[in-house]
Amino acid sequence: LATISHINSEPYFALGPTELIGEVIFSIVAILFYLFFAINSISYKYRKGLFLIIALSFFIFSQVLDFVIVLISLRYNYFRVTAFLPMLISPMLISAFTNRERDGLYIGILFGALQIFYPTSNIYTFFFIVISVAFCLYSMRVRKERLSTLIEWLIASISEVLVVFVFSLLASYSWNEMGISILGSLINITLAFLIYSIVLPIFERLFNIPTPFRLHDLSYTDNPTLQRLNQVALGTFNHVRNVSEMAYEAAKKIGANAELARVGALYHDIGKAEHPEYFVENQSGKNAHDVLSSTLSAAVIKSHVKIGIEKAKEIGLPQEVIDIIGEHHGNDLIKYFYDEAVKNNPNRTEVSEEDFRYTGNIPSTPESGIVMLADCTEAATRTIKNPTHQKYDKFITKIFSDKIAHNQLNDSKLTLTDLEKIKNAFIHYLLGRDHSRIEYDNQDV
């Protein structure tokens, strides 16, 4: 880096063969490193190609603008242009699309690494770019409402001014050069946030990407799908609201995508709106399964997953949410009706487990695993009489152990430490849900 801290008197593009080969090799290696980390970081395999194409497209766009800015600065013999470089827009967009700050930081590091070839760079350029990107992404960690972008812009601007000030002192900028750099950084951030605010909603709708904004919009329960569930299956509607809050709190505890877990939980049972009377939370006295065989009852219960997936596609939910709907029961056994079938048929060989298993995939993400656990826990714990912390702990531990024993969490990437945090989050919520109340006398109150 020190070798490029001065400007060669020869034209910059008059590179020798050795220098040219070295720069090409370095660029290829840097890009390959970025691709390696990016591919391994993106959770959803069907999103990898899309996100990489978007990331590289905006990165190339940024590099072209970068090249133009450098050429203009060289023409006017001004070399303090680092603060003006379009280093922020690509990291901001990729971070929003993937909901991971580190994905944005990776492309910021790549941008900084390729700056070393420009004569306007010095020994501090790489670190300035990486730190600027990191501060900007950190300021955007809470993105639930569109208006929050203004607050994020303010925090990012203040942070960037401080970064420019420190690096200007390190690079021995004059006060005039420092002032120009601060102004350039503010213009840079403002333009980046403006482009971000315009491009993000377009891309999230165009490619149905579950950005924090999109998920926040979907979390409102007054949309037609959830309102219909409320009208025809009130018990299920109350159940999914409880599950969504449990999943949200648990996901926050382990650093998963809490908004995705919340939305996935809200919609996970929308398939029950078609035949609500067959699900216990919607029954009042009469049980619709009394007139059905165990096999047919299991088939009706299983169908709500398939119907839910079809409805989710019809209303245009993101694929990540559809996956949660399809995976929230995995391929587990519908034990009640299986046991009933075995009981009514002593010849066990004639009862096929496959007829009583859900046909979905097991949870493939932490969020999907959390929704599965929250779904089981919310329903099952309603049977506990006089609930206490100890009763909840023992009961939930058994539920989790059963899921592990039946290999339902094998692909969820949830660790034992995660499961302990999830359990504690569930207990905290359930203690609030089932808190004891004062018993009033039989009088007007």
Side-chain angles (χ1 to χ4, degrees), residues 50-51 53-73 80-112 114-115 120 125 128-165 167 178-217 259:
L50 173 63
F51 287 157
I53 290 172
I54 294 175
L56 293 176
S57 297
F58 277 96
F59 177 75
I60 292 171
F61 174 72
S62 300
Q63 286 293 310
V64 171
L65 287 180
D66 183 17
F67 186 71
V68 172
I69 291 171
V70 170
L71 282 182
I72 294 173
S73 68
R80 312 297 198 184
V81 296
T82 303
F84 292 85
L85 301 180
M87 65 189 88
L88 300 176
I89 184 60
S90 295
M92 288 168 63
L93 286 171
I94 295 307
S95 177
F97 290 151
T98 64
N99 200 49
R100 291 173 182 263
E101 287 80 12
R102 64 183 177 188
D103 290 331
L105 186 59
Y106 290 152
I107 202 165
I109 293 172
L110 176 62
F111 187 94
L114 297 185
Q115 288 302 307
T120 52
T125 300
F128 172 81
I129 290 174
V130 173
I131 293 174
S132 296
V133 169
F135 272 107
C136 182
L137 296 179
Y138 186 82
S139 73
M140 300 171 64
R141 298 190 72 181
V142 180
R143 290 165 292 184
K144 293 183 178 179
E145 299 177 358
R146 304 282 179 186
L147 188 60
S148 65
T149 303
L150 293 176
I151 299 173
E152 294 164 358
W153 169 84
L154 181 61
I155 296 172
S157 297
I158 294 172
S159 302
E160 184 66 7
V161 167
L162 294 175
V163 172
V164 170
F165 177 75
F167 277 89
M178 184 186 297
I180 294 175
S181 294
I182 289 175
L183 177 62
S185 68
L186 293 176
I187 294 173
N188 195 350
I189 288 178
T190 302
L191 289 175
F193 270 88
L194 181 62
I195 296 172
Y196 169 84
S197 299
I198 295 172
V199 171
L200 184 63
I202 295 174
F203 274 67
E204 72 181 16
R205 291 289 180 175
L206 185 62
F207 298 108
N208 204 9
I209 300 172
T211 65
F213 295 133
R214 173 92 166 111
L215 291 172
H216 189 64
D217 292 342
E259 284 292 339

Less than 3.5 Å apart, any donor N or O on the side chain of Thr211 or Glu204 sitting next to an acceptor on the other?
yes
Give me the atom names and distance for the closest heavy-atom approach of Leu186 to Ser157.
CD2-CB, 3.8 Å
Calculate, to the nearest 0.5 Å, the distance between atoms CE and CD1 belonging to Met87 and Ile189 respectively.
8.5 Å
Could you check if a side-chain atom of Asn208 sits within less than 4.5 angstrom of a side-chain atom of Arg214, using non-hydrogen atoms only?
yes
Does Asp103 use its side chain to pair, donor to acceptor, with the backbone of Ile94 at less than 3.5 Å?
no
Apply side chain to side chain donor-acceptor pair (under 3.5 Å) to Thr190 and list each qualifying residue two or more places apart in sequence or on a separate chain.
Trp153
Applying salt bridge (Lys or Arg N to Asp or Glu O under 4.0 Å) as the test, list every pair that has at least one member in residues 82-98; sequence neighbours left out.
none
Side-chain donor/acceptor of Asn99 to backbone N/O of Pro212, under 3.5 Å
no
Take the angle between the ring planes of Phe58 and Phe61 and call it parallel below 30°, perpendicular above 60°, tilted in between.
perpendicular
Which heavy atom of Tyr196 sits nearest to which heavy atom of Ile89, and what is that distance?
N-CD1, 3.7 Å
Any side-chain heavy atom of Pro86 within less than 4.5 Å of one from Asp66?
yes
What residue pairs, at least two apart or across chains, pass salt bridge (Lys or Arg N to Asp or Glu O under 4.0 Å) with a residue in residues 80-91?
Arg80-Glu177
For Leu88 and Ala192, the nearest pair of non-hydrogen atoms, with its separation, is CB-CB, 3.9 Å
Not counting sequence neighbours, which residues clear side chain to side chain contact (heavy atoms under 4.5 Å, CB included) with Ile187? List them please.
Leu183, Leu191
Val130 versus Leu105: any side-chain heavy-atom pair under 4.5 Å?
yes
Starting at CD of Gln63, measure out to CG of Leu85 and round the result to the nearest 0.5 Å.
9.5 Å
Is there a side-chain contact between Pro91 and Leu137 in this structure, where contact means two heavy atoms from C-beta onward sitting under 4.5 Å apart?
yes
Between Tyr138 and Glu101, is any pair of side-chain heavy atoms under 4.5 Å apart?
no
What's the shortest heavy-atom distance between Ile209 and Phe97, and which atoms?
CG2-O, 3.6 Å
Approximate separation, where rounding is to 0.5 Å, of Ser185 OG and Phe128 CZ
6.5 Å
Looking only at heavy atoms, what is the nearest atom pair of Ser139 and Ala156, with distance?
OG-CB, 3.6 Å
Residues two or more places apart in sequence or in another chain: which of them pass side chain to side chain contact (heavy atoms under 4.5 Å, CB included) with Phe135?
Ile131, Ser159, Val163
Here the gap from Leu110 atom CG to Leu114 atom CG, rounded to the nearest 0.5 Å, amounts to 5.0 Å
Nearest 0.5 angstrom please: Asn188 CG to Phe193 CZ, how far?
11.0 Å
Could you report the tightest heavy-atom contact between Phe51 and Thr98, atom names first, then the distance?
CD1-CG2, 3.6 Å
Would you check if Ile54 and Leu93 make a side-chain contact, meaning some heavy-atom pair closer than 4.5 Å?
no
With a 4.5 Å limit on heavy-atom distance, are the side chains of Phe111 and Ile129 in contact?
yes
Quick check: do Phe84 and Ile72 have side-chain heavy atoms less than 4.5 Å from each other?
no
Under the rule for side chain to side chain donor-acceptor pair (under 3.5 Å), what residues qualify as partners of Ser90, not counting sequence neighbours?
Ser62
